[in-house]
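Labels below follow one simple rule: chain letters A, B, ... track the order of the sequence lines, proteins then strands, and each chain is numbered from 1. None of the values given here were measured: they were computed from a predicted structure.
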2 protein chains.
Amino acid sequence: MGQGETLAKKKGSGDENSSGRPQNIQELAQIAGVSAATVSRSLAGTGKIAPATRERIRKLADELGFRPSTMARNLRTGRTGTIGVIVPLGHEKTQHISDPFFMTLLAHIADRLADRGYDLLLSRVVPHDPEWLSRQVDSGRVDGMIIIGQSNQSDVINSVARYYRPMVVWGAELPGQLYCSVGSDNRLGGRIATEHLLSLGCRRLAFFGDASVPEVEQRLSGFRDALREASDGAVGATLPVHFVPERAVEEISGFLDLAENLDGIFATSDSIGMMAIQALIERGRSVPGEVKVIGFDDLDIARRVLPPLSSIKQDLEAGADALVDLLFRKIAGEAVDSVQLEPTLAARGSTLSD
Amino acid sequence: MGQGETLAKKKGSGDENSSGRPQNIQELAQIAGVSAATVSRSLAGTGKIAPATRERIRKLADELGFRPSTMARNLRTGRTGTIGVIVPLGHEKTQHISDPFFMTLLAHIADRLADRGYDLLLSRVVPHDPEWLSRQVDSGRVDGMIIIGQSNQSDVINSVARYYRPMVVWGAELPGQLYCSVGSDNRLGGRIATEHLLSLGCRRLAFFGDASVPEVEQRLSGFRDALREASDGAVGATLPVHFVPERAVEEISGFLDLAENLDGIFATSDSIGMMAIQALIERGRSVPGEVKVIGFDDLDIARRVLPPLSSIKQDLEAGADALVDLLFRKIAGEAVDSVQLEPTLAARGSTLSD
DNA sequence: TGCGATTCTGCAATCGATTGCGATCGAGCT
DNA sequence: AGCTCGATCGCAATCGATTGCAGAATCGCA
């Protein structure tokens with residue numbers, strides 16, 4: 001008999017079950033006077049079951065508050081009904097998920113998955129070893145995987161993509177990637193932002209962002225493209241601002257003290273843009289009068305600060321939509337392509353004098 | 001033989017396994033020339049196993065990229081290594097998880113759980129039926145449950161708390177609750193905010209917030225307490241602003257057009273506070289000159305808008321800490337009490353003239 | 001009344017890892 | 001050499017639900 005009797009629940013005392021709450025399908029079957037198979041089929045609505053029996057079982061289960069173990073079902077069927085979402089924080093060991101960009105995208109993904117009746121298993125990992133992804137993938141707890149941001153882990157993702165299909169990635173589209181990704185056309189976004197500043201008369205620009213992150217690197221390319229094409233004496237500097245707020249503030253302040261006749265800033269995130277504005281105003285330089293500032297992402301907060309922050313809009317809701325849609329099509333076995341979203345300009349008070 | 005052969009993975013072709021990647025502990029055992037039991041014990045490090053054997057198995061598993069099925073383990077051991085986090089959105093059917101408050105708290109919780117090696121299963125539910133909670137709890141997929149905000153679902157939570165122990169709730173401490181909760185002293189927070197406005201000379205106040213949410217109701221009590229005690233002719237109105245941004249903006253605008261000589265606003269969240277400021281400025285009323293505004297929560301964004309928003313700080317990091325700590329102590333069988341965090345005043349530019 | 005055609009149900013194998021208990025084997029001791 | 005003892009390892013039951021196949025019950029029609 002039971003060797004595993006030291007394990008598991010045993011919510012009830014010893015006898016049967018104090019509360020009368022059946023712990024498994026077997027007990028419910030016994031109470032109903034049928035076999036476990038019949039209970040299973042009744043509850044799941046599969047197979048041929050007499051309608052009367054099915055209703056009886058269902059009502060009984062309902063009254064007794066019985067719910068079959070999801071895990072046992074998962075083990076048997078091989079499907080879990082949950083999608084893993086993972087945020088590799090490779091480039092900033094101390095960055096938290098609390099970053100507003102992650103949070104926003106994550107929330108939209110959660111909403112989309114909820115629409116489809118799937119749950120979301122969230123893992124925040126700092127990839128100190130190359131196993132971080134395969135560990136999750138092979139754990140067998142998820143039907144698919146969404147990765148938010150390649151960070152500097154494109155290699156690892158590629159190696160897993162070689163054998164694991166149901167996986168999509170938010171981020172830059174990199175040459176030679178084996179996985180399918182969803183992200184903005186960062187280079188175009190960078191160009192639009194820069195051209196916006198140039199068209200407003202800015203000639204001494206700065207790019208704020210850490211180019212070791214693929215997305216940022218692409219935005220920087222756009223920045224450089226636009227500057228090159230302007231060819232009217234406009235110049236641009238680059239300041240590798242980190243994503244961690246504390247360090248960023250420091251870096252920005254130091255830079256602004258030196259760069260005295262700057263007249264335009266392209267920040268690679270709204271957070272950085274807002275920090276830049278604050279630092280400028282603390283130094284008595286007006287925005288957008290003396291310096292114009294544009295951010296990237298166009299999160300909700302961009303609209304709600306004063307002056308409202310101009311930004312390059314990434315439609316994260318559409319992005320989440322695309323990620324989830326692609327993932328489910330992959331799960332269904334379809335072959336799908338990466339998606340690039342078109343970034344758009346949202347010009348506001350931080351660049352427009354009004 | 002296999003009746004379930006239509007199910008499950010079968011990553012390999014038909015024969016054995018093309019890639020040589022063992023799919024289960026059995027195959028690995030065969031390759032290693034030992035029994036499944038030995039493999040299990042080697043990998044888990046349990047039981048008495050010859051050190052040589054254990055190392056050999058481990059190395060082999062590593063080389064072959066084998067990882068045991070988490071689900072099978074879970075089924076057998078009855079533990080899952082994941083904590084469920086659930087956000088009941090009872091009072092605002094259309095509100096999304098994307099609310100910055102939820103996301104901030106969620107992120108901190110995720111970080112704390114990650115520290116302990118636990119994963120986080122996120123469910124966003126709109127409680128249209130009273131089963132929303134028990135469905136999650138009884139699914140057997142989690143070792144514990146964190147609920148963010150009772151909303152108007154205190155009854156449901158109570159009824160589940162009667163039989164399910166490992167569960168903690170973020171939110172107001174309500175009389176007669178059977179579960180253990182973590183939250184700010186909202187009444188005190190409301191009082192502090194109001195006294196702050198009063199001390200700055202405000203006499204015609206308004207409270208912005210939907211008092212049908214328990215937390216908000218308590219803040220409103222604090223607001224009223226302070227007003228009553230002031231007893232110097234200060235008056236206060238209440239505007240039930242919803243949490244959904246679109247509706248809130250509309251409601252606030254309409255109110256401000258009528259309430260012309262308002263001089264102080266206590267908003268029950270930072271988002272609402274920011275919307276109030278924006279609406280005021282659009283109407284040419286200066287902040288903090290003519291009207292002073294204070295929010296609640298003190299999220300990151302409060303500090304980063306202009307003028308910086310004064311707020312009542314809820315230490316969400318400490319809150320997440322407490323939630324997770326309490327939960328694990330409950331799981332361990334300890335009896336624990338609810339925790340109330342002390343809210344503090346963060347006075348900034350939206351109330352201080354500087 | 002009789003026999004095949006349907007419907008329902010039940011049996012038992014199965015998913016993959018864990019673990020109590022017993023079997024095995026070699027070492028150490030008399 | 002024979003025997004005891006302990007360290008390892010394997011057998012097989014188990015967690016709980018699912019499902020192919022077969023047996024039982026019911027029905028229809030001649």
Side-chain angles (χ1 to χ4, degrees), chain A residues 1-11 17 21-30 32-57 61 66-81 138-141 143, chain B residues 1-11 17 21-30 32-57 61 66-81 138-141 143:
Chain A
M1 52 163 308
Q3 299 153 319
E5 58 184 330
T6 52
L7 299 169
K9 342 226 166 169
K10 260 214 301 195
K11 291 183 199 170
N17 209 311
R21 237 180 127 93
Q23 298 304 313
N24 57 37
I25 216 172
Q26 205 69 244
E27 288 182 24
L28 206 254
Q30 197 150 22
V34 296
S35 77
T38 303
V39 174
S40 172
R41 285 190 267 251
S42 298
L43 264 32
T46 59
K48 310 247 62 172
I49 289 287
T53 317
R54 177 181 24 217
E55 275 322 302
R56 191 168 58 86
I57 307 276
F66 171 77
R67 233 173 300 273
S69 151
T70 312
M71 256 174 350
R73 185 213 318 281
N74 292 350
L75 176 59
R76 179 61 223 248
T77 62
R79 302 185 348 94
T80 68
D138 297 334
S139 74
R141 279 188 306 178
D143 291 341
Chain B
M1 58 160 312
Q3 299 152 318
E5 59 184 329
T6 52
L7 300 168
K9 341 222 169 173
K10 261 213 302 197
K11 288 184 201 170
N17 209 310
R21 234 180 129 92
Q23 297 305 311
N24 55 39
I25 216 173
Q26 205 70 244
E27 288 181 25
L28 205 254
Q30 197 151 21
V34 295
S35 77
T38 303
V39 174
S40 173
R41 285 190 268 252
S42 298
L43 264 34
T46 59
K48 311 245 66 177
I49 290 286
T53 318
R54 179 181 23 220
E55 275 322 303
R56 191 168 59 85
I57 307 278
F66 171 77
R67 230 172 303 272
S69 152
T70 310
M71 256 174 348
R73 187 215 316 281
N74 291 349
L75 177 60
R76 179 64 224 245
T77 60
R79 301 186 350 93
T80 68
D138 298 333
S139 73
R141 280 186 305 178
D143 291 343

Point to revise | side-chain hydrogen bond (donor to acceptor under 3.5 Å, both in side chains): pairs with one or both residues in residues 35-48 of chain B, sequence neighbours excluded | key: B:Ser35-B:Thr38

Spacing between [X] atom [atom1] and [N] atom [atom2], to the nearest angstrom:
{"X": "B:Gln23", "N": "C:dA17", "atom1": "CD", "atom2": "P", "value": "10 Å"}
{"X": "A:Asn74", "N": "D:dT19", "atom1": "CG", "atom2": "P", "value": "12 Å"}
{"X": "A:Met71", "N": "C:dG16", "atom1": "CE", "atom2": "C1'", "value": "13 Å"}
{"X": "A:Ile25", "N": "C:dT14", "atom1": "CD1", "atom2": "C1'", "value": "15 Å"}
{"X": "B:Arg73", "N": "D:dT14", "atom1": "CZ", "atom2": "C1'", "value": "16 Å"}
{"X": "B:Arg76", "N": "D:dA13", "atom1": "CZ", "atom2": "C1'", "value": "8 Å"}
{"X": "A:Arg56", "N": "C:dC8", "atom1": "CZ", "atom2": "C1'", "value": "13 Å"}
{"X": "B:Leu75", "N": "C:dA17", "atom1": "CG", "atom2": "P", "value": "12 Å"}

Check your understanding: For B:Ile25, does its backbone N or O pair with a side-chain atom of B:Glu27 as donor and acceptor, under 3.5 Å?
Key ->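 No; zero donor-acceptor contacts below 3.5 Å.
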
Revision key, fill the gap. Against the side chain of B:Ala37, the closest entry in D:dA17, C:dT19, C:dG16 is C:dT19

Of all residues at least two apart in sequence or in a different chain, which pass the salt bridge (charged side-chain N to carboxylate O under 4.0 Å, His left out) check with [X]?
{"X": "B:Arg141", "answer": "A:Asp119"}
{"X": "B:Arg56", "answer": "none"}
{"X": "B:Arg67", "answer": "A:Glu131, A:Asp138"}

Practice item. Could you pull out all residues at least two apart from A:Asp143 that satisfy side chain to side chain donor-acceptor pair (under 3.5 Å)? Key: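 Counting only residues at least two positions away or on another chain, A:Asp143 forms a side chain to side chain donor-acceptor pair (under 3.5 Å) with A:Thr80.
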
**Study point:** Rounded to 10 degrees, the angle between the two terminal axes of the helix from C:dT1-D:dA30 to C:dT30-D:dA1, each from five pairs
**Key:**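 Here the helix ends are tilted 50° relative to one another.
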
Could you list all N or O pairs between the protein and nucleotides 7-9 of chain D that sit under 3.5 Å apart?
{"from": "D:dC9", "atom 1": "OP1", "to": "B:Thr53", "atom 2": "OG1", "distance (Å)": "2.6"}
{"from": "D:dC9", "atom 1": "OP2", "to": "B:Ala50", "atom 2": "N", "distance (Å)": "2.8"}

**Study point:** Phosphate-side-chain proximity, B:Ser40 and C:dT18, N/O vs OP1/OP2 below 4.0 Å
**Key:** yes

Exercise for review: Write down the atom of B:Ala36, the atom of B:Ala29, and the distance for their closest heavy-atom approach.
Suggested key: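 Closest pair (atom of B:Ala36, atom of B:Ala29, distance): N-CB, 3.6 Å.
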
Point to revise | Set of side chain to side chain contact (heavy atoms under 4.5 Å, CB included) partners for B:Ala72, sequence neighbours left out | key: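 Only A:Leu75, B:Ser69 meet the side chain to side chain contact (heavy atoms under 4.5 Å, CB included) criterion with B:Ala72.
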
Check your understanding: Can you name the residues that form a side chain to side chain contact (heavy atoms under 4.5 Å, CB included) with B:Glu55, not counting sequence neighbours?
Key ->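 For B:Glu55 the side chain to side chain contact (heavy atoms under 4.5 Å, CB included) partners, ignoring immediate neighbours, are B:Arg58.
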
